[in-house]
K.L.:
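This structure is in structure tokens; I'll ask about it shortly.
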4 protein chains.
Amino acid sequence: MSTDTKKLKILDSATQVFAEKGFLYATMAEIAKNAGISTGLTYSYFKNKLDILLSIVLGFLQHINLKNTEKLESASDPVEKIYAVFHNFEDLLLKDEKTLCLIKVLNEGLPHLVMINDQDLLEKRLNIIKENRKLIKTMDLIITEGQKKGVFDKTLSPSVIRQVLCGSIERVIYGLFFSYFSKEDIGYKKEDAGKAIELLINKFIKK
Amino acid sequence: MSTDTKKLKILDSATQVFAEKGFLYATMAEIAKNAGISTGLTYSYFKNKLDILLSIVLGFLQHINLKNTEKLESASDPVEKIYAVFHNFEDLLLKDEKTLCLIKVLNEGLPHLVMINDQDLLEKRLNIIKENRKLIKTMDLIITEGQKKGVFDKTLSPSVIRQVLCGSIERVIYGLFFSYFSKEDIGYKKEDAGKAIELLINKFIKK
Amino acid sequence: MSTDTKKLKILDSATQVFAEKGFLYATMAEIAKNAGISTGLTYSYFKNKLDILLSIVLGFLQHINLKNTEKLESASDPVEKIYAVFHNFEDLLLKDEKTLCLIKVLNEGLPHLVMINDQDLLEKRLNIIKENRKLIKTMDLIITEGQKKGVFDKTLSPSVIRQVLCGSIERVIYGLFFSYFSKEDIGYKKEDAGKAIELLINKFIKK
Amino acid sequence: MSTDTKKLKILDSATQVFAEKGFLYATMAEIAKNAGISTGLTYSYFKNKLDILLSIVLGFLQHINLKNTEKLESASDPVEKIYAVFHNFEDLLLKDEKTLCLIKVLNEGLPHLVMINDQDLLEKRLNIIKENRKLIKTMDLIITEGQKKGVFDKTLSPSVIRQVLCGSIERVIYGLFFSYFSKEDIGYKKEDAGKAIELLINKFIKK
DNA sequence: CATGAATGAGAGTTCATTCAT
DNA sequence: AATGAATGAACTCTCATTCAT
């Protein structure tokens, strides 16, 4: 198994354990065991537990920013663009049960940024902030453009609209994650997540 | 100071500390000190640290359910009703900086429900689940009623619509909380939270 | 038991354990147990294991510098003064079996100064360096004065003479410590330590 | 590279690292890297980390005992003999910066003897004790002889005199080592070490 | 012979929780 | 009722040592 493969194994394992138990209750021993390696080896790949959490968050942000850059190249009008961005969210988070776990980890991970003292993690922290800002900026620019072109509603500022969109998609996906873990019915299915965003764009954002 | 006053002091203090540091990094010593009492005394009022977290969450849920019951008595049509519910959210969370902290604690608190083993907390856990279900049911019934009466869009199931509404309001308020703590500008103000929900109801939910 | 008493208990216990096992093999659990308290409580009094070691070293240096200041006030000629300083060493280290252990800890402690990274211990480190410099300066000034007055041999520089004196007393006392622990005969007794220093001053240092 | 060459490389590397960091903070990985080999290979040549430390100490003791045997053959009177022994110390420790490191390692190494449990190292431990006793005996015999012949002062027992001599030379050399590493001036140079011992013999030991 | 990835025991350390005062 | 000193379980993390390659 190559170094990169093992790093991914750890991240995958941690994503699962963090999602199921929460960062607090997740132990390095369990993450390692779940990844099929020893506790000590984990520390060859990551500085510490927080580093793993941040790496998952950073990985997601980098991935989605990359996907956005790709997709937005070929998109021209704001409606098409905002669709593209949220389809990327769906593609990355709704792919399978494993990616579904990400929503919980992302939710839990970002607040931890505030508590980072470790010198070695400061760079990672800054990177996350940078990528997060990039993601936000991408969305806000599209919304601003749509408002300027007169295709988007102008009642609200782009930042509020973006929060509504992100909050909606996050909560809808979180419900699916919860349903997957608790085996409880939540009254909707994977397909409805996409439909919700579509409707949100069509009715809430468009003029 | 009466027993109830002291209990509230602890809950207030914990809300602040949990919001600022996160449940993991918050220590009982700090919560107690911040509440103006000794560490030991905290345990006369709450079983343990998790109990405090759950009490905050339960308190909020009970409060909002109570407010909903009150307000919904005098409301007749679904539009008015859904407005009422979300105005309650605003009233409870946007009152001042202190209540703003609740959004972070609620966000962090609910996932902890899964990890409760402590026999003494099981009842509290069930209570939270009960109140949460009640809140969800209240919203879903209004939406169902609106759809039946033909005033609400029927494309999506009530549960998805509710998730969109809740996710939106939560994220918009979370932004305000973040801005309050980090002193960073997020591009919108308190007033915009209400406006966002209003617009969401008018454009997204109504037919 | 008062706070200061307990702090002393820990330092005493650690001095014993460090002397017997060495810093590396000494565990916090053993130090605490030997002091009659729990592991955790140790951390209310000291930052960490290294802090304890440094505190012992610093305590000794402060003590001997204090004693020197006292004794040197009433001394006038360099011979008398250098006697005073080394009698202080004897008084502090040869008092009983407990103080004998100090010689081993001092020996082991000073080299650790180089490896201190911990921000919280930097101040203690600087204090140790300061007190150590003070002790050295005290001795060197006496020797310089003796040489100037023509009562001390001038072949060697004060710093070398001081190293010879310190090395001698340290090794002689170390021998006693070793004998105490191993129960082996080393060919001399406590009284000989003083005699050795006396002779060293009379024959080696005096003109 | 031959087996013996590699063994020496490891010992040299370890001497440096032990001197700089201390046994506790020195890692096998660094010792190996510094020796230009892999971590694992180190274990083909030495049982474990402690074995390396003991090997350095034993090597020094064997070397100095050998040199003493050589030099003492051609020496006849006690003064000449004691000179010879301490010139051997100088020759072995003051040769260059590398050998200077030995003084720190010897200082740190001997106390570790007490903590050896490992069956495989017991023999090495006994060897060190044997060689150490031999060295001590060599010095003590010379001093005894000098006292009997009436050329050495009889106030102190041979063992105390030997401790004074060893402590002095050790401390003087330690100062040079410290100065070499910290780049701080200590007020004397290599040449003064020899002068100090000479003077010590002439004034302190001789009648 | 040589590697260095992998192991896992065991240490330091934290802090929720208890309880003598 | 109130304190905060004291406990000790359980965590993270390190690194000497092993072993498949």
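These numbers were taken from a predicted model, which means no experiment stands behind them. Proteins get letters first, then strands, A, B, ... in listed order; numbering begins at 1 in each.
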K.L.:
Rounded to whole Å, please give me the gap between CG in A:L50 and C1' in F:dC13.
P.N.:
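Distance check: A:L50 CG to F:dC13 C1' gives 14 Å.
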
K.L.:
Measuring to OP1 and OP2 of E:dT13, would you say a side-chain N or O of C:K47 lies under 4.0 angstrom away?
P.N.:
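No, C:K47 has no side-chain N/O under 4.0 Å of OP1/OP2 on E:dT13.
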
K.L.:
Look at the side-chain N and O atoms of D:Y45 and state whether any lies under 4.0 Å from the OP1 or OP2 oxygen of E:dA2.
P.N.:
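Answer is yes, contact under 4.0 Å.
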
K.L.:
Between atom CD1 in A:I37 and atom P in E:dG4, what is the gap in whole Å?
P.N.:
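After rounding, the reported distance stands at 19 Å.
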
K.L.:
With nearest nucleotides of DNA chain E determined for C:L24 and A:T39 from heavy-atom distances, which residue corresponds to the more 5′ nucleotide?
P.N.:
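Result of the comparison: A:T39.
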
K.L.:
Between D:S38 and C:A29, which has a closest nucleotide on DNA chain E that is more 5'?
P.N.:
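Going by which nucleotide is closer to the 5' end, it is D:S38.
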
K.L.:
Rounding to a whole Å, what distance do you find between B:K33:NZ and F:dA5:P?
P.N.:
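Result: 12 Å.
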
K.L.:
Find which nucleotide of DNA chain F each of D:Y25 and C:S44 is nearest to by heavy atoms, and output the residue with the more 5' nucleotide.
P.N.:
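So the residue in question is C:S44.
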
K.L.:
In Watson-Crick or G-U wobble terms, both distances under 3.5 Å, what is the partner of E:dT3?
P.N.:
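F:dA20 is the nucleotide pairing with E:dT3.
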
K.L.:
Under 4.0 Å between a Lys/Arg side-chain N and an Asp/Glu carboxylate O for A:K21 and A:E30?
P.N.:
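Looking at A:K21 and A:E30, the cut-off is met.
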
K.L.:
Please give, in whole Å, the distance from E:dT17 P to B:I52 CD1?
P.N.:
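Result: 9 Å.
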
K.L.:
According to the interplanar angle, ranging from 0 to 90°, do the rings of A:F18 and A:F23 count as parallel (below 30°), tilted (30 to 60°) or perpendicular (above 60°)?
P.N.:
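Tilted, since the angle between the ring planes falls between 30° and 60°.
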
K.L.:
Distance check: side-chain N/O of C:Y43 vs OP1/OP2 of E:dT13, anything under 4.0 Å?
P.N.:
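Indeed, a polar side-chain atom of C:Y43 lies that close.
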
K.L.:
Side chain of A:M28 only, heavy atoms from C-beta on: which candidate in F:dT12, E:dG12, E:dT3 is closest?
P.N.:
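Nearest to the side chain of A:M28 among the choices is F:dT12.
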
K.L.:
From the set E:dT3, E:dG12, E:dT17, return the single nucleotide nearest to any side-chain atom of B:K49.
P.N.:
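Closest nucleotide to the B:K49 side chain: E:dT17.
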
K.L.:
For A:A26, report the nucleic acid contact type (base, sugar-phosphate, nothing); a contact means any heavy atom under 4.0 Å.
P.N.:
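Since only primed, P, OP1 and OP2 atoms lie under 4.0 Å of A:A26, the category is sugar-phosphate.
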
K.L.:
Rounded to the nearest Å, what distance is computed from the CG atom of residue B:L41 to the P atom of nucleotide E:dT21?
P.N.:
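Atom CG in B:L41 sits about 19 Å away from atom P in E:dT21.
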
K.L.:
In whole angstroms, how far is the C1' atom of F:dA2 from the CD1 atom of B:I10?
P.N.:
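Rounding to the nearest Å, CD1 of B:I10 and C1' of F:dA2 are 12 Å apart.
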
K.L.:
Give a yes-or-no answer on whether the side chains of D:K124 and D:S55 include a donor-acceptor pair shorter than 3.5 Å.
P.N.:
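D:K124 vs D:S55: donor-acceptor pair found between side chains.
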
K.L.:
Starting at CD of B:E30 and ending at C1' of E:dC15, how long is that distance when rounded to a whole Å?
P.N.:
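Going from B:E30 (CD) to E:dC15 (C1'), I get 13 Å.
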
K.L.:
Does C:F46 offer a backbone N or O that forms a donor-acceptor pair with the side chain of C:K7 under 3.5 Å?
P.N.:
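No; zero donor-acceptor contacts below 3.5 Å.
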
K.L.:
A side-chain contact here means heavy atoms from C-beta on lying under 4.5 Å apart; do B:I116 and B:H112 qualify?
P.N.:
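The answer is no; the side chains never approach within 4.5 Å.
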
K.L.:
Rounded to whole Å, how long is the line connecting atom CG of C:D120 with atom P of E:dG12?
P.N.:
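Nearest whole value for this atom pair: 18 Å.
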
K.L.:
Would you say a side-chain N or O of C:N48 is under 4.0 Å from OP1 or OP2 of E:dT13?
P.N.:
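Indeed, a polar side-chain atom of C:N48 lies that close.
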
K.L.:
Hey, which sits more toward the 5' end of DNA chain F by its nearest nucleotide, A:G40 or A:T27?
P.N.:
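Upstream on the strand: A:T27.
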
